[in-house]
Colleague: 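Take a look at the following structure, please.
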Amino acid sequence: MRAQLARIDAVLVQALIAAALSFAHLHDVASAAGQDGWKAWAYPISVDLLLVAAWRRLRTGDAKAAGWCWFVIALTASLGANVATAGLLDLEQVPAWLRILVAGWPAVAFLGGTLLAHSSPALHEDTEDVHDQEDAPDPAPELPAQPAPEPTPAPPAVAVPAALVEHARKVAAEHRNRTGAAIDTPTLRARLGVPAPMADAIVAQL
């Protein structure tokens, strides 16, 4: 726990140092470019706010291309001020192109902050959901339930005398011995001379 707190404290201290130095460098560049008084202090605030807005957009996972674009722009402005004040730029004689960049920065920062803060991904998701609901086909109408078919009554059982069944077995055995195949119902009916229901009942008992 103590090691974690020490690591967090070190990161916070490093972040505060970096922010303070970058803040001071941006102030110096803006002041050298003709933005004196409170305006020179507003420039580093504007850059830091754009960095925060871009970082939050990257953390949400939505519209990462726009987030990276404005993050690089704000980071370039911060790093450019740090490099410019490291002895590579004469702050007593600032070039015209730098004055133009400093003068145009508020409009650029306002545009980036507005796009990052007000382009709500939830609005696009809601719009897509509405389009999906509009494109979905209408559900098919439910058909009325059909009544279940009535069961077909079973045919009445046919009583077959035991002697007739025994005689039918002999006829069937004789037919098998003679032809090598089981006797079928029409043949058995013809041999016995009985009606079709009784022939079916006799075959069921063979």
Side-chain angles (χ1 to χ4, degrees), residues 1-140:
M1 184 66 179
R2 292 182 178 178
Q4 184 178 1
L5 291 177
R7 185 166 57 253
I8 294 176
D9 291 343
V11 173
L12 290 177
V13 171
Q14 184 67 23
L16 290 175
I17 293 174
L21 292 175
S22 179
F23 197 90
H25 293 160
L26 285 167
H27 169 269
D28 294 343
V29 171
S31 179
Q35 307 296 328
D36 54 354
W38 66 269
K39 292 181 290 185
W41 293 107
Y43 275 84
I45 297 176
S46 174
V47 173
D48 289 345
L49 288 178
L50 185 58
L51 274 172
V52 172
W55 177 248
R56 290 189 61 184
R57 175 51 58 90
L58 293 175
R59 291 291 300 273
T60 59
D62 300 314
K64 285 191 174 182
W68 276 115
C69 176
W70 291 106
F71 184 82
V72 170
I73 291 175
L75 186 62
T76 301
S78 180
L79 290 177
N82 295 339
V83 174
T85 55
L88 300 180
L89 179 67
D90 186 3
L91 297 180
E92 299 297 331
Q93 295 181 355
V94 178
W97 60 266
L98 183 56
R99 294 178 180 272
I100 294 174
L101 289 179
V102 172
W105 173 256
V108 174
F110 176 76
L111 175 62
T114 301
L115 293 177
L116 291 173
H118 296 287
S119 57
S120 174
L123 179 60
H124 299 297
E125 295 177 358
D126 295 342
T127 305
E128 293 177 358
D129 294 340
V130 171
H131 290 321
D132 293 340
Q133 294 177 2
E134 292 178 352
D135 296 338
D138 295 334

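Note that the structure is predicted; figures quoted are calculated from it, not measured.
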Colleague: Could you report the tightest heavy-atom contact between Arg99 and Gly34, atom names first, then the distance?
Modeller: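 Closest heavy-atom pair between Arg99 and Gly34: NH1-N, 4.0 Å.
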Colleague: Side chains of Val47 and Tyr43, heavy atoms from C-beta outward: is any pair under 4.5 Å?
Modeller: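 With C-beta onward as the side chain, the pair stays apart.
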Colleague: So which atom in Ala54 and which in Gly67 form the shortest heavy-atom distance, rounded to 0.1 Å?
Modeller: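 Here Ala54 and Gly67 meet closest at CB-O, 3.5 Å.
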Colleague: Do Thr60 side-chain atoms and Arg57 backbone N/O form a donor-acceptor pair below 3.5 Å?
Modeller: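 Confirmed, Thr60 side chain pairs with Arg57 backbone.
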Colleague: If you define the side chain from C-beta out and look only at heavy atoms, does anything of Leu58 sit under 4.5 Å from Trp55?
Modeller: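 With C-beta onward as the side chain, the pair touches.
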Colleague: Measure the CG-CG distance between Leu26 and Asp48 for me, rounded to the nearest 0.5 Å.
Modeller: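 Interatomic distance, Leu26 CG to Asp48 CG, rounded to 0.5 Å: 7.0 Å.
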Colleague: Check Leu51 against Leu75 and note the closest heavy-atom contact, atom names and distance.
Modeller: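 For Leu51 versus Leu75, the nearest heavy atoms are CD2-N, 3.7 Å.
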Colleague: Which atoms form the tightest heavy-atom contact between Trp41 and Gly37, and what is the distance?
Modeller: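 Minimum heavy-atom contact is CD1-O, 3.5 Å.
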Colleague: Which donor-acceptor pairs under 3.5 Å do the side chains of residues 102-111 make with protein atoms, sequence neighbours left out?
Modeller:
residue : atom : partner : partner atom : Å
Trp105  : NE1  : Ser46   : OG           : 3.2

